[in-house]
Number of protein chains: 2
Amino acid sequence: MSESSAAVRNTRQRSAVSALLGEMEGFHSAQDLHAMLRQRGERVGLTTVYRTLQGLADAGEIDVMRPPGGEHLYRRCSEGHHHHLVCRVCGRTVEVAGPAVESWADRVAAQHGYADVSHTLEIFGTCPTCVR
Amino acid sequence: MSESSAAVRNTRQRSAVSALLGEMEGFHSAQDLHAMLRQRGERVGLTTVYRTLQGLADAGEIDVMRPPGGEHLYRRCSEGHHHHLVCRVCGRTVEVAGPAVESWADRVAAQHGYADVSHTLEIFGTCPTCVR
DNA sequence: GTGGCAACGATAATGATTGTCAAAAACGCA
DNA sequence: TGCGTTTTTGACAATCATTATCGTTGCCAC
Ligand SMILES: [Zn+2]
Ligand SMILES: [Zn+2]
Ligand SMILES: [Zn+2]
Ligand SMILES: [Zn+2]
C-alpha cells in the first residue's frame, strides 16, 4: 500500500530557478530563465528548468502564459484567481482582479447549459515606460 | 503607383476548404480539416490547408483558438468582436458578446497607463450533450 | 491563346517541448 | 558519519505542429 512520502526534495537547481523567479519582474520563457542561470554561473540543465517550471505551475506557485506564436512564459504570482495586464514589449505585468468578469463568464456558461466552466483572459498593451 | 489587385485567386482548393468550414459546427484543426477533405476525395495538400486557414484568419473570416497543449483550431464565425464558449469535449461553440467585459478591460488598462490595448478571452466547459 | 505571377504541394527544416535512462544527489535511518 | 532507497538530474534523442523551400501548375487579364 503505502501512501508514504510526498517526497519533494530540496535541490540546488530547484532553489536556483525559484530564486530567479523571485527577482524577475515580468513573464519569461524557460529558455530565457535557463540562459540567465547560466550567466550567473549556476549549472542547471534546460530539461530541469522545464521540469521545475512545470512543477511550480502545477503547484499553483507560478502562472503560465502562452502568447500567440511564442514560447510559454512563466512568472511568480500572488495567490488566488486573477488575470494579467501584460506589456507586449518588456513583459511588465500587473495582476488584475475582475469579480464582475468572473461571474459574467459563469453566468453565460450556465445559460447555455455548459458545466465545469473555466476561462482564460489576458489583456495586452504597451506599458508607460515602453511607449517612450 | 497601382493599388492594383488584391490578387486573391479562385482555386479549387480554397473553395474546398472554405466550403468545409461552412459545414462544421465547432472548432477543428488544420490536420483534421485536411483529413476530412481527403476522405471526400478532394485533393488538397496539407500545406495549402495551413496557408488557406491562415489567410482566412488574417482576413478576419475565421477565428483561431489555441487550446493548451494542442493544435490551433479554426472556425467560421460571425463578424465583429466576440468571444467563445467552447465545449472541451466536442468543440461545440457558442459565440458570446460581453460589452461590459470589453469596457472593463479597456478601463483597467487605461488606469495603469497601458496603450494599444487588446485582449483574449475564452470560456471552456462541457456542453449539455457531452455531459451525457 | 498566352505570359506573368499567385497558388500549390511534396519535402525538408524549424524549434519548443517532452521522453529516455544512466549517473548523481537527497535524506531517513543506523 | 555511512548506507540504501528513491528522487532528481541532464545530455541527448524523439516528437510533432507549423513554416520554409522551390520547382511545377494553372488562374486570369489582356
Ligand atoms: Zn513595457
Ligand atoms: Zn478569471
Ligand atoms: Zn460537447
Ligand atoms: Zn472582447
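For clarity, every value in this text was computed on a predicted model and none was experimentally measured. FYI, side chains are in, hydrogens and waters are out, and symmetry mates aren't considered; it's all heavy atoms of this structure.
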### Summary
Residue set satisfying side-chain contact (heavy atoms from CB on, under 4.5 Å) with A:Arg132, at least two apart, ordered chain then number -> none
### Message
So, using side-chain contact (heavy atoms from CB on, under 4.5 Å) as the criterion, who are the partners of B:Ala97 when residues are at least two apart?
### Response
none
[X] has an atom [atom1]; how far is it from atom [atom2] of [N], in whole Å?
| X | N | atom1 | atom2 | value |
| --- | --- | --- | --- | --- |
| B:Leu53 | C:dC8 | CG | P | 12 Å |
| A:Glu42 | D:dG10 | CD | P | 11 Å |
| A:Arg14 | C:dA25 | CZ | P | 16 Å |

### Task
Show which residues join B:Met65 in its hydrophobic cluster (side-chain heavy-atom contacts under 4.5 Å, direct or indirect), or state none.
B:Phe27, B:Leu73, B:Val86, B:Phe124
### Message
Running the 4.5 Å side-chain criterion over Ile, Leu, Val, Met, Phe, Trp and Tyr, what cluster does A:Leu53 land in, apart from itself?
### Response
A:Val17, A:Leu20, A:Leu21, A:Met24, A:Leu33, A:Met36, A:Leu37, A:Val44, A:Val49, A:Leu56, A:Ile62, A:Val64, A:Tyr74
Holding to ring pair (Phe, Tyr, Trp, His ring centres under 6.0 Å), I want the full list of residues that pass it with [X], two or more places apart in sequence or in another chain.
| X | result |
| --- | --- |
| B:His82 | B:His84 |
| A:His28 | none |
| B:His34 | none |

#### Entry: Heavy-atom protein contacts under 4.0 Å, nucleotides 9-22 of chain C, coded B base, S sugar-phosphate only, - none
BBB----SBBB---
Between the protein and nucleotides 28-30 of chain C, list the N/O to N/O atom pairs that are separated by less than 3.5 angstrom.
none

### side chain to side chain donor-acceptor pair (under 3.5 Å) contacts in which one or both residues fall within residues 46-58 of chain B, not counting sequence neighbours
B:Gln31-B:Tyr50
### Task
Would you please name every residue forming a salt bridge (Lys or Arg N to Asp or Glu O under 4.0 Å) with B:Glu23, sequence neighbours left out?
B:Arg40
### Net bend of the helix from C:dG1-D:dC30 to C:dA30-D:dT1, end axes of five pairs each, nearest 10 degrees
30°
### Task
Run the salt-bridge test on B:Arg75 and B:Glu95 with the 4.0 Å N-O cut-off and return the result as yes or no.
yes
